[in-house]
Amino acid sequence: MTSNSNGESHLAIDCHKLDFSWNQDSELVLEGVDLNLGKGSRCLLIGANGAGKSTLLRILAGKRLTKTRACKILGQDVFMNPPNGVVYLGTEWSTNPVVRSDIVVSEFLDSVGGYRHKERRDRLLSILDVDLDWHMHQISDGERRRVQLCMGLMTEWDVLLLDEVTVDLDVLVRSDLINFLIQETETRGATIVYATHIFDGLSSFPTHICHLQLGRTPRPLHVWEATSGVEDLFKLALQWTREDRDLRRIKEKETGRVRGPKKADEVSVLQRFAAASFDSSPTSSYVRWHRCLLSSKRRKTPKCSSKSTTTRTDGEYSIVSFSDVVD
Ligand SMILES: Nc1ncnc2c1ncn2[C@@H]1O[C@H](COP(=O)(O)OP(=O)(O)OP(=O)(O)O)[C@@H](O)[C@H]1O
């Protein structure tokens, strides 16, 4: 780690050869990931779906334990000794029932300390165009996102970890927010890592771009030229994501895994049933499907109204004509 004469780290984020797997015996989801960012950096995290971006951000936020102590923020271990001033904002927040309950925004923000940061809170309320009188259960997804951003950004953070949280903002609010974030890094030396697939309005945002390829960082951090346009950003992301897909296909072929449609003989009985009967009346078919499952569990053999249309295959019932099955 780079440090000054006082032993303080120059790096806001110092992640070295990070490995992570979800279970002890499962494949590594992150392997040898390196991410070193100086204070004041703004890094876009780019990679295909499933590359590990959210996992990495959550590890940096100290929300997931890793076997090795590979990640430091502001010189401190992100899990064992997490530093103050790290804010993580992810998409899962909006699905929490609490933030969809009948609570007024002003009370909600006060409950997380908004009154202590009134000046910043008021600035963010203007930027994010938030009405303090909104009720959380009566606002749109984008409006709820704005409240989340206001809540998360009210305190003076040193490191901000963003996971796709600006995609549902309207273009004006998004643009004002991006300008606010740039200002925060330039005036206070705060650092941002932002995982996104949407690059509109972001060409002036990054100082660096990190490519996360199937859980690895295959190339050094890309230094972004402030003069480059959004098309350059999009082209770069497209090129990297194509590489990711080609590599993934090679890897999957090696292990015999294939995406897309399966061969006919691999399609399960129930899938065949679903395809055959959902076209006419999905709801009643669904109900009948459940009834059949229940009756097959209860009576071992589903009862059929007319000729016997069931045969047993590997402990399951193959339903030839499902409309014949009655409760
Ligand atoms: N709770 C979990 N248990 C097991 N595997 C998981 C879990 N959550 C995610 N994964 C797997 O970890 C890998 C990385 O997921 P992650 O959500 O970090 O990807 P991502 O790059 O953020 O994707 P996206 O762009 O779609 O948001 C994926 O293969 C995913 O299937």
Side-chain angles (χ1 to χ4, degrees), residues 13 15-35 37 42-68 70-71 73 78-79 86-96 141-142 145 148-149 152 159-169 174 192-202 205-206 208-219 221-222 233-260 262:
I13 295 180
C15 181
H16 182 61
K17 302 228 172 302
L18 167 69
D19 290 345
F20 178 79
S21 62
W22 288 95
N23 301 303
Q24 208 163 10
D25 306 321
S26 61
E27 269 177 48
L28 288 175
V29 173
L30 297 176
E31 188 172 358
V33 168
D34 287 327
L35 181 62
L37 289 169
R42 300 181 298 270
C43 179
L44 280 186
L45 195 52
I46 292 183
N49 290 136
K53 301 177 296 297
S54 303
T55 309
L56 175 60
L57 288 178
R58 292 178 67 81
I59 289 171
L60 289 173
K63 292 176 185 292
R64 294 223 173 272
L65 179 61
T66 56
K67 271 193 198 151
T68 53
C71 287
I73 286 192
V78 292
F79 193 83
V86 180
V87 168
Y88 163 85
L89 297 175
T91 48
E92 61 275 21
W93 182 86
S94 58
T95 59
N96 187 323
D141 290 342
R145 182 74 66 209
Q148 177 193 17
L149 285 159
V159 174
L160 178 64
L161 306 164
L162 294 176
D163 194 359
E164 281 290 17
V165 284
T166 71
V167 290
D168 40 16
L169 300 180
R174 187 171 140 91
I192 303 175
V193 184
Y194 179 21
T196 186
H197 298 287
I198 309 290
F199 306 109
D200 285 353
L202 280 190
F205 176 78
H208 298 84
I209 306 185
C210 174
H211 179 197
L212 198 58
Q213 180 181 65
L214 309 186
R216 296 183 189 184
T217 38
R219 39 175 60 94
L221 269 183
H222 182 93
L233 193 53
F234 182 75
K235 270 188 208 155
L236 185 72
L238 201 59
Q239 180 198 325
W240 283 353
T241 321
R242 277 211 180 96
E243 266 178 37
D244 298 353
R245 190 179 55 185
D246 293 345
L247 182 68
R248 178 178 56 74
R249 284 183 174 166
I250 291 169
K251 285 190 159 190
E252 286 180 348
K253 210 169 175 186
E254 282 167 5
T255 56
R257 276 156 52 196
V258 187
R259 292 195 183 186
K262 306 274 185 229

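Keep in mind that this is a model prediction, so the values were computed, not measured. All ligand and atom numbering here is 1-based and tracks the order in the structure.
Of the protein's heavy atoms, at least one falls inside 4.0 Å of atom 15 (O) of ligand 1. Distance check on atom 30 (C) of ligand 1: every protein heavy atom falls at or beyond the 4.0 Å cut-off.
Going from atom OG of S54 over to atom NZ of K63 covers 12.5 Å, rounded to the nearest 0.5 Å. For the atom pair CG of L18 and CD1 of I59, the computed distance is 5.0 Å after rounding to the nearest 0.5 Å. To the nearest 0.5 angstrom, L238 atom CG is 10.5 Å from I46 atom CD1. Rounding to the nearest 0.5 Å places CZ of R174 at 4.0 Å from OG1 of T166.
Listed by number with element, the atoms of ligand 1 under 4.0 angstrom from any heavy atom of T55 are 14 (C), 15 (O), 16 (P), 18 (O). Every atom of ligand 1 is numbered from 1 in the order shown, and the set under 4.0 Å from a heavy atom of V29 is 12 (O), 13 (C), 14 (C).
Of the protein's non-hydrogen atoms, W22 NE1, 3.5 Å is the one closest to atom 11 (C) of ligand 1. The nearest protein atom to atom 24 (P) of ligand 1, hydrogens excluded, is given as N49 ND2, 3.6 Å; this is a heavy-atom distance. Looking only at protein heavy atoms, the nearest one to atom 17 (O) of ligand 1 is S54 CB, 3.8 Å.
When only modelled atom types and interatomic distance are considered, Q239 and R242 share no side-chain donor-acceptor pair under 3.5 Å.
Heavy-atom distances between G52 and ligand 1 reach below 4.0 Å in at least one pair. Note on ligand 1: H197 sits in its first shell, one or more heavy atoms being nearer than 4.0 Å. Residue contact annotation: A195 has no non-hydrogen atom under 4.0 Å from ligand 1.
For atom 28 (C) of ligand 1, the candidate residues are G90, G50, A48; the nearest heavy-atom contact is made by G50. Taking each of E27, R58, K53 in turn, the one with a heavy atom nearest to atom 21 (O) of ligand 1 proves to be K53.
With a 6.0 Å radius and a threshold of 12 heavy atoms from other residues, nucleotides or ligands, E92 has its CD atom above the threshold.
Taking a cutoff of 4.0 Å between a charged side-chain nitrogen and a carboxylate oxygen, E243 and R219 qualify as a salt bridge.
Exactly one of T241, T217, D244 qualifies for a side chain to side chain donor-acceptor pair (under 3.5 Å) with H211. That residue is D244.
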